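Reading through the structure tokens given below for one structure.
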Amino acid sequence: MYKKFKNIQFVKPGGLELKDRLVSVQRVTKVTKGGRNFGFSAIVVVGDENGIVGHGLGKSKEVSEAIAKAVEDAKKNLIKITIKNGTLPHEQKGKFGGARVFLKPASEGTGVIAGGAVRAVLDTVGVNDVLSKSQGSSNPHNVVKATFDALLQLRSPEIIAKQRGISINKVFN
């Protein structure tokens, strides 16, 4: 999923105090000759509420076991996100499958104006003020991945200055 992004910073979970947030649990069924076999699928987002976040998927016959597997999977996929003064540095759109997510920085005190899976991701990243719009598919898998797509495209002023080969002061002028 992350192959198209060049500036991704993967993070090791050691020493971080990570908080996990359950996005969704679904009961899944496998129909066999002998009848139906029920199981559970869980999506979890983990983060340190300071710019580090990851998401994971876990499947098992028990709900708690599926959640535990999802948390372990999420810890293997931690990435660093650019946050500026508790909000995003600029507007960004993300898409994955049929889901589309639009994220817009907001002034201080606005809060997280987002719902469902987008809110879970933004809360665990540590964004305090943001406006968002989710369009298209409301499938939690795709909405989480679309939100990650948008967050991974964010660039800090330092990165923009370096890419353009100019000073940081010229970025704002």
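Computed from a prediction, not measured in an experiment: that's the story for all the values here.
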Cluster overlap V71 with V63, hydrophobic side-chain contacts below 4.5 Å
yes
Tell me, with the steps shown, if V46 and V53 meet side-chain contact (heavy atoms from CB on, under 4.5 Å).
CA-CA 6 Å; V46 300; V53 69; over 6 Å; no
Picking from I67, V144, D73, V23, what satisfies side chain to side chain contact (heavy atoms under 4.5 Å, CB included) with V44?
I67
Stepwise side-chain contact (heavy atoms from CB on, under 4.5 Å) check, K61 with F40
CA-CA 6 Å; K61 298 280 184 195; F40 294 92; over 6 Å; no
I would like to know whether L78 and L18 meet side-chain contact (heavy atoms from CB on, under 4.5 Å); could you show each step before the answer?
CA-CA 10 Å; L78 292 176; L18 298 173; 3.8 Å; yes
ILVMFWY network linking V28 to V25, side-chain heavy atoms under 4.5 angstrom:
no
Report whether F102 and I81 are members of the same hydrophobic cluster (ILVMFWY, side-chain heavy atoms less than 4.5 Å apart, transitive linking).
no
Partners of E65 by side chain to side chain contact (heavy atoms under 4.5 Å, CB included), sequence neighbours excluded?
S60, E62, K69
Cluster check I113, V127: I/L/V/M/F/W/Y, side chain < 4.5 angstrom
no
A quick test of your reading: do over 12 heavy atoms of other residues, nucleotides or ligands sit less than 6.0 Å from CG of N37?
yes
If you look at every heavy atom in A99 and A146, which pair is closest and at what distance?
O-CB, 3.9 Å
I'd like to know if the side chain of H55 and the backbone of I43 have a donor-acceptor N/O pair within less than 3.5 Å.
no
Is it true that a side-chain atom of R100 and a backbone atom of G97 form a donor plus acceptor pair closer than 3.5 Å?
yes
Does any N or O in the side chain of D129 come within less than 3.5 Å of the main-chain N or O of G109, such that one atom is a donor and the other an acceptor?
yes
Enumerate the side chain to side chain donor-acceptor pair (under 3.5 Å) contacts for residues 18-34, please, sequence neighbours excluded, ordered by first and then second residue.
K19-E49, R21-D123
Could you tell me if the side chain of L151 sits less than 4.5 Å from the side chain of V121, heavy atoms only?
yes
Residues that N128 engages under side chain to side chain contact (heavy atoms under 4.5 Å, CB included), provided they are two or more places apart
none
Show the nearest heavy-atom pair for residues L103 and A150, with the distance to one decimal.
CD1-CB, 3.8 Å
